[in-house]
Number of protein chains: 2
Amino acid sequence: MAERARQIVEAARELLEKEGADALTMRRIADRLGIRAPSLYKHFPDKQAVELELIAQGLQEQAEALMAATEDEQPLVALGAAYRAYALAHPHLYRLMTAGPLPRHLLPDGLEARAALPLVRIVPDEHRARALWAFAHGMVILELDGRFPPDADLDGAWRVGLAAFAQVAAR
Amino acid sequence: MAERARQIVEAARELLEKEGADALTMRRIADRLGIRAPSLYKHFPDKQAVELELIAQGLQEQAEALMAATEDEQPLVALGAAYRAYALAHPHLYRLMTAGPLPRHLLPDGLEARAALPLVRIVPDEHRARALWAFAHGMVILELDGRFPPDADLDGAWRVGLAAFAQVAAR
DNA sequence: GTCTATATTATGATAGAC
DNA sequence: GTCTATCATAATATAGAC
């Protein structure tokens with residue numbers, strides 16, 4: 001990727017993280033670089049291509065954070081904590097990464113598999129792995145969307161949920 | 001609610017269910033009733049008020065479906081099945097109901113509690129109830145968004161996930 | 001309670017000059 | 001690779017006549 005393209009993605013990411021998806025417009029991205037929106041189209045074919053770079057970046061980062069957690073002596077607990085931490089640290093990016101169909105065919109080769117690897121590593125059974133993923137995503141997205149009561153003890157819900165999946169492992 | 005207002009909500013619901021959130025515009029709603037968009041504002045202050053009626057309708061219906069499931073001899077399994085069935089039968093409404101912050105103060109009194117009641121009834125522990133809710137929502141929203149591999153056995157994931165929560169219940 | 005006309009505000013994207 | 005000018009599209013919502 002050329003230098004200018006890199007700067008565009010960087011500007012897009014800052015905008016998304018700081019102001020959310022609504023602020024992620026071609027004009028705002030261009031503003032940040034001191035150029036005009038139409039100039040962006042010399043570097044990317046359309047807006048979706050810029051978003052795709054952000055999604056790929058997020059998946060890669062998340063994969064690295066989760067993989068580190070699998071080294072923990074309580075990998076399931078560490079994985080849950082790492083999943084939640086990444087989502088809360090990058091709420092808008094997390095939403096972009098997880099909302100709507102994944103444009104699989106446009107992602108770098110093997111990235112989706114790499115993102116799933118930490119989970120597969122500590123939860124080999126595919127049903128259990130998918131159930132655990134759903135639990136983690138559900139917890140995170142409900143928290144980000146403010147759907148839990150404001151005074152809910154989410155640490156407690158995470159603890160109990162992860163314990164449930166640990167038990168299934170042991171049976 | 002006056003008759004015309006009821007018709008507006010009905011038209012809005014049909015549009016949402018059949019064509020999704022993008023089709024839910026004041027123009028399209030008016031079209032369906034053979035009137036012009038500005039006329040709608042004689043019956044509702046703004047679009048959000050119409051959407052709010054749809055959300056309330058969905059929460060009420062869902063609560064009824066889930067409450068029936070709690071009578072089953074395997075209430076946890078039945079509850080999971082009912083949750084998934086409602087979401088898959090009304091995917092766009094489900095998304096509207098669950099995306100973004102719940103406008104609690106605008107909902108009919110007690111509706112949110114009524115929606116949570118079936119779950120609370122069979123899962124008295126609040127941590128476990130929230131964890132189970134997150135699992136169910138995660139499973140459903142990932143399925144609706146097409147995030148699971150196309151060939152994934154989701155029945156299997158549901159089975160294993162629900163079994164995990166059943167075990168926690170029994171300990 | 002309905003209409004027409006319009007305000008207001010955006011967006012992504014293209015054409016063509018430089 | 002950048003610019004200006006513009007297209008094409010669309011949305012919610014209001015004013016004021018009838």
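The shown structure was predicted, so the numbers you read here are calculated from the model rather than taken from an experiment. Within every chain, numbering begins at 1; the chains are lettered A, B, ... in the order of the sequence lines, protein sequences first and strands thereafter.
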Listed nucleotide nearest any side-chain atom of H43(A), set dT4(C), dG1(D), dT2(C): dG1(D)

Ignoring hydrogens and geometry, is there a side-chain-to-backbone donor-acceptor pair from K47(B) to L24(B) under 3.5 Å? yes

Side chain R147(B), main chain G100(A), donor-acceptor under 3.5 Å: yes

Length of the CG-P vector between L33(B) and dT2(C), whole Å: 9 Å

Rounded distance in Å - CG (D31(B)) to P (dT2(C)): 14 Å

Distance check: side-chain N/O of S39(B) vs OP1/OP2 of dG1(C), anything under 4.0 Å? no

Specify the separation, in whole Å, of atom CD1 of I29(A) and atom C1' of dA13(C). 14 Å

Would you sort out whether Q57(B) and E53(B) count as a side-chain hydrogen bond (donor to acceptor under 3.5 Å, both in side chains), showing the intermediate values? CA-CA 6 Å; Q57(B) 227 175 62; E53(B) 289 296 324; 6.0 Å; no

For R6(B) and M1(B), indicate whether the former's side chain and the latter's backbone hold a donor-acceptor pair under 3.5 Å. yes

Parallel, tilted or perpendicular: ring planes of F135(B) versus F165(B), cut at 30 and 60 degrees: tilted

Could you state the CG-P distance from L24(A) to dA10(C), rounded to the nearest angstrom? 16 Å

Tabulated below should be each protein N or O lying under 3.5 Å from an N or O of nucleotides 13-17 of chain D; please produce it.
| residue | atom | partner | partner atom | Å |
| --- | --- | --- | --- | --- |
| dA13(D) | OP2 | Y41(B) | OH | 3.0 |
| dA13(D) | OP2 | K47(B) | N | 2.9 |

Answer yes or no: is there a donor N or O on one side and an acceptor on the other, between the side chain of D155(B) and the main chain of W158(B), under 3.5 Å? no

Protein-nucleotide distance (D22(B), atom CG; dA11(D), atom P), rounded to Å: 9 Å

Classify the angle between the aromatic ring planes of H137(B) and Y94(B) as parallel (below 30°), tilted (30 to 60°) or perpendicular (above 60°). tilted

Which whole-number value in Å describes the distance from L40(B) CG to dA11(D) P? 13 Å

OP1 or OP2 of dT4(D) less than 4.0 angstrom from a side-chain nitrogen or oxygen of R36(A), does that happen here? yes

Would you indicate what T25(B) reaches in the nucleic acid, counting non-hydrogen atoms under 4.0 angstrom: base, sugar-phosphate, or nothing? sugar-phosphate

Starting from C1' on dT4(C), measure out to CD1 on I35(B) and report it in whole angstrom. 14 Å

Round to the nearest Å and state the distance from F44(A) atom CZ to dG1(D) atom P. 12 Å

